[in-house]
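Convention: sequence-line order gives letters A, B, ...; per-chain numbering from 1.
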Amino acid sequence: MNGIKCKKLPKSFYTRGAVTVAKDLIGKVLVHKFDNKILSGIIVETEAYTGKNDPASHSFIGKTKRNGVMFEEGGKSYVYFTYGNHYCFNVVTGKKDRGNAVLIRAVQPLEGIDIMRKNRGTDDMYNLTSGPGKLAQALGIDKKLYAADLTGDIIYLTESGNAGKIRISRSKRIGISKNTEKLYRFFAKDNPYVSKVNIKTLLKNDSR
DNA sequence: CTTTAGATCGGCT
DNA sequence: GCCGATCTAAAGC
């Protein structure tokens, strides 16, 4: 039972382009009902991936078994497993067959913080959800949520009361090697729960 | 404090 | 076989 304004985001929120949705997602709340408990966090960092125009996107190469849900209409979840250890959570956006998605890179823990600590095996608040692999682990997100309906009751996103107060910055994306010039990363300025970025990562993208 | 290397596995270029 | 929309631990300065 989350107190204040918790209006679920409608389907129409998701059927727009990935870049627009990525920006609008900053300050929204990600909710997962896990083991009959509510786990939630305020989204503070996202990245847009725009399908066939975007060599960095998983959907760039066309539809495969792995990325299939990216080609559905916006409003589903795309969860993928990478580097042998990590799940990452994405929101599918745009119209059918566009292959657009937004990677949720960091959230600020809101509800169920004790469970998140247990899931992550640390008590450090700033290390619970400050990265795409970390937040998936903290919120208990895995392959079972692949293609889940984001307007359903298991995993969904809501409005929050104070979204208007957040200042949004943008930058190049992190951890990719193609199409690195695009400013498709959005994050809440000066928020300590944003993923820790080594300046050199951005410089490295820059110089090559 | 900064930097590097290793872990680890599913999907495919 | 190869590589990745990452994270962590441990070595280096």
Side-chain angles (χ1 to χ4, degrees), chain A residues 17-23 25-26 30 41 43-71 74 76-94 98-107 109 116-147 150 169-187 192-208:
Chain A
V19 179
T20 307
V21 174
K23 178 161 161 259
L25 276 175
I26 302 294
L30 172 63
I43 296 171
V44 296
E45 183 178 354
T46 62
E47 281 179 5
Y49 290 85
T50 62
K52 64 176 181 179
N53 303 320
D54 183 5
S57 174
H58 288 168
S59 56
F60 179 71
I61 59 175
K63 195 170 180 175
T64 68
K65 187 176 180 182
R66 180 198 200 190
N67 66 22
V69 70
M70 292 183 82
F71 291 89
K76 300 260 180 126
S77 81
Y78 168 44
V79 178
Y80 68 87
F81 182 74
T82 192
Y83 291 108
N85 278 322
H86 308 291
Y87 290 99
C88 296
F89 173 73
N90 296 250
V91 171
V92 177
T93 79
R98 288 293 168 84
N100 277 24
V102 175
L103 171 68
I104 309 300
R105 287 194 55 88
V107 304
M116 295 188 201
R117 286 184 162 137
K118 196 182 295 178
N119 286 347
R120 289 276 299 130
T122 176
D123 282 344
D124 180 1
M125 281 298 292
Y126 299 115
N127 198 26
L128 287 181
T129 55
S130 54
K134 297 180 192 177
L135 80 88
Q137 186 182 20
L139 296 189
I141 292 171
D142 64 20
K143 262 303 211 227
K144 289 194 296 295
L145 292 172
Y146 183 85
L150 296 177
S169 298
R170 66 187 297 178
S171 77
K172 295 177 182 178
R173 291 175 291 184
I174 296 171
I176 58 174
S177 55
K178 296 172 183 172
N179 206 16
T180 57
E181 303 308 308
K182 295 286 194 305
L183 299 175
Y184 282 174
R185 171 173 175 255
F186 297 90
F187 58 99
Y193 297 95
V194 168
S195 69
K196 283 32 175 192
V197 185
N198 184 337
I199 296 285
K200 281 213 168 147
T201 305
L202 291 175
L203 290 178
K204 198 165 70 182
N205 284 345
D206 220 0
S207 58
R208 172 68 230 175

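Under the Watson-Crick and G-U wobble criteria, each requiring two contacts below 3.5 Å, nucleotide B:dT8 is left unpaired.
Nearest approach of A:Val194 to A:Ser130, heavy atoms of both residues: O-CB, 4.0 Å.
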Residues A:Tyr126, A:Tyr193; criterion ring-ring contact (aromatic ring centres under 6.0 Å, His included); working and verdict: CA-CA 6 Å; A:Tyr126 299 115; A:Tyr193 297 95; 5.0 Å; yes
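Of the side-chain N and O atoms in A:His58, one or more sit less than 4.0 angstrom from OP1 or OP2 of C:dA5. Look at A:Lys134 and you'll find a side-chain N or O under 4.0 angstrom from OP1 or OP2 of C:dT8. The phosphate of C:dT6 (OP1 or OP2) has no side-chain N or O of A:Thr82 nearer than 4.0 angstrom. A sub-4.0 Å separation between OP1 or OP2 of C:dT8 and a side-chain N or O of A:Arg120 is present.
In this structure, A:Lys178 atom NZ and C:dG4 atom P are separated by 8 Å, rounded to whole Å. Whole-Å rounding puts the A:Asp124 CG to C:dT8 C1' distance at 13 Å.
Take the nearest nucleotide of DNA chain B for A:Lys63 and for A:Asn85: the residue whose nucleotide is more 5' is A:Asn85.
In the set C:dT8, C:dA5, B:dT13, the nucleotide with an atom closest to the side chain of A:Asn127 is C:dT8. Each of C:dA5, B:dG10, C:dC7 was ranked by its minimum atom distance to the side chain of A:Met70; first place goes to C:dA5. Nearest to the side-chain atoms of A:Ile61 among the listed nucleotides B:dG10, C:dA5, B:dC12 stands B:dC12. The listed nucleotides are C:dG4, B:dC12, B:dT13; the one nearest the side chain of A:Arg66 is B:dC12. Of the listed nucleotides (C:dA5, B:dG10, C:dT6), C:dT6 has the atom at the smallest distance from the side chain of A:Tyr83.
For A:Tyr49 and C:dA5, the ring-to-base geometry satisfies the stacking test (centroid distance below 5.5 Å, interplanar angle below 30°).
Across all strands shown, A:Phe60 has no heavy atoms under 4.0 Å from either base or sugar-phosphate atoms.
Using a 4.5 Å heavy-atom cutoff, the side chains of A:Leu183 and A:Lys172 are in contact. Contact check for A:Thr50 versus A:Tyr184: side-chain heavy atoms found under the 4.5 Å cut-off. With contacts defined as side-chain heavy-atom distances shorter than 4.5 Å, the pair A:Tyr80/A:Tyr87 does not qualify.
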